[in-house]
Amino acid sequence: MKTFPEIRNKVSTSQYSKNEEFLISLKKSDENTFGHIFETFYEKLLAFTIGYTRDKAIAEDIVQQSFIKLWEKRKDLADDTMIDAYLFTLCRNKFIDKYRKERKIVLLTDELYLESALESENESDEKTAYKKQLLHKAITKLPEKCKEVFLLKQKENLRNKEIAAYLKISEKTVEDHISRAMRLLRKELLIFLIFMFL
């Protein structure tokens with residue numbers, strides 16, 4: 001099994017300074033700092049984790065859980081913690097734990113992921129309404145064509161073949177737009193959901 005990047009030995013003085021600023025703000029529960037850390041390292045962590053899992057969906061789940069763990073442990077982080085190295089280590093360890101405990105892993109589809117994230121039994125109408133508002137805002141940020149295909153699929157319940165005929169595009173293009181929409185929505189909603197559920 002490959003080893004994760006030895007970031008601590010390669011990082012520059014300026015990077016140490018920026019890391020220290022991030023760490024101080026993160027330990028103070030600054031949500032903007034957490035959001036910036038998420039945007040900075042998500043793609044790198046995903047590529048790294050896919051190298052282990054060979055499965056993007058599983059890798060996305062591991063990376064998301066690693067960010068949640070970072071938020072949970074933010075106040076306990078040592079003063080010399082390198083955030084990027086810490087996240088890479090979390091991803092590696094979560095991969096090891098997942099495959100040590102489970103021979104078969106059943107993941108939610110993208111659609112069920114959003115449904116489970118936005119709906120919960122015994123939850124107040126106000127909180128449910130707020131979650132749906134977050135989803136609506138996330139959808140408005142999608143690229144125009146991507147958003148159009150997603151809404152035809154989710155709101156109008158059209159099949160991929162019907163969407164393709166209506167928009168005069170191939171079914172493969174429809175699938176690509178839907179896949180991209182779900183990927184962007186997962187990323188957009190993750191940060192908000194962390195703060196709501198922890």
Side-chain angles (χ1 to χ4, degrees), residues 34-68 87 91 94-95 97-99 101-198:
F34 179 79
H36 187 73
I37 291 171
F38 177 84
E39 291 297 329
T40 300
F41 297 116
Y42 180 86
E43 293 298 337
K44 295 178 182 177
L45 290 167
L46 181 59
F48 170 75
T49 307
I50 288 175
Y52 284 110
T53 65
R54 306 298 179 187
D55 185 301
K56 187 175 181 180
I58 294 175
E60 287 176 336
D61 184 62
I62 289 174
V63 172
Q64 290 174 7
Q65 291 302 316
S66 296
F67 275 107
I68 290 175
L87 283 166
C91 287
K94 285 188 174 296
F95 165 79
D97 290 343
K98 182 176 285 288
Y99 279 88
K101 296 175 181 177
E102 304 174 15
R103 291 186 177 181
K104 293 183 179 180
I105 300 173
V106 180
L107 292 174
L108 294 174
T109 63
D110 283 332
E111 289 82 0
L112 288 177
Y113 170 88
L114 289 178
E115 289 177 7
S116 64
L118 294 170
E119 297 179 7
S120 177
E121 293 184 0
N122 302 320
E123 186 171 71
S124 68
D125 291 339
E126 182 179 355
K127 190 171 184 179
T128 298
Y130 180 60
K131 288 182 182 180
K132 290 182 178 180
Q133 182 181 6
L134 291 179
L135 177 59
H136 176 72
K137 288 182 178 179
I139 291 174
T140 62
K141 294 182 180 180
L142 292 173
E144 196 58 38
K145 182 59 70 174
C146 190
K147 178 172 62 178
E148 182 178 17
V149 171
F150 175 80
L151 291 175
L152 286 172
K153 178 76 172 181
Q154 298 297 322
K155 299 294 185 182
E156 304 300 329
N157 294 316
L158 295 183
R159 294 176 297 174
N160 290 0
K161 185 176 182 179
E162 294 172 326
I163 297 173
Y166 179 72
L167 297 178
K168 294 181 173 58
I169 58 179
S170 69
E171 286 188 58
K172 178 62 168 60
T173 300
V174 171
E175 293 172 1
D176 290 343
H177 279 307
I178 293 173
S179 177
R180 184 184 182 195
M182 300 307 302
R183 183 172 66 253
L184 293 173
L185 289 174
R186 284 170 67 99
K187 289 179 63 176
E188 186 72 25
L189 290 172
L190 174 63
I191 295 175
F192 295 110
L193 295 175
I194 286 174
F195 299 134
M196 294 182 72
F197 291 129
L198 294 184

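For the single chain, residues carry numbers from 1 onward in sequence order.
Salt bridge status for Lys147 with Glu144: present, with a side-chain N to carboxylate O gap under 4.0 Å. Of the charged side-chain nitrogens involved, none lies within less than 4.0 Å of a carboxylate oxygen, so that Asp176 and Arg180 do not count as a salt-bridged pair.
Here the NE2 atom belonging to His136 is positioned 11.5 Å from the NZ atom belonging to Lys141, to the nearest 0.5 angstrom. In this structure, CG on Leu185 lies 9.0 Å from CD on Gln154, to the nearest 0.5 angstrom. One distance of note links CD1 of Ile178 with CD1 of Ile163; it measures 5.0 Å at 0.5 Å rounding. The distance from atom CZ of Phe41 to atom CZ of Phe48, rounded to the nearest 0.5 Å, is 13.5 Å. Here the CG-NZ distance, from Leu167 to Lys145, works out to 5.0 Å after rounding to the nearest 0.5 Å. Atoms OG1 and CG, on Thr40 and Leu45 in that order, are 10.5 Å from each other to the nearest 0.5 Å.
Here the closest non-hydrogen pair linking Thr173 and Ser170 is OG1-OG, 2.8 Å. The minimum heavy-atom distance linking Lys94 with Ser66 is given by the pair CD-OG, 3.5 Å. Scanning both residues, Leu151 and Ile139, for their nearest heavy atoms gives CD2-CG2, 4.1 Å. Of all non-hydrogen atoms in Ile62 and Cys91, the two that sit nearest each other are CG2-O, 3.6 Å. Of all non-hydrogen atoms in Asn160 and Glu175, the two that sit nearest each other are ND2-CG, 3.6 Å. For the pair Thr53 and Ile58, the tightest heavy-atom approach, listed with the atom from each and the gap, is CG2-CG2, 3.9 Å.
Contact of the Val174 side chain with the Leu152 side chain is not registered, since no non-hydrogen atoms from C-beta on lie closer than 4.5 Å. At least one side-chain heavy atom of Met182 sits under 4.5 Å from a side-chain heavy atom of Phe150. Counting heavy atoms from C-beta outward, Arg183 and Glu60 have side chains that approach closer than 4.5 Å.
Note on ring orientation: taking the six-membered ring where Trp is involved, the planes of Phe67 and Phe34 are perpendicular (angle over 60°, cut-offs 30° and 60°).
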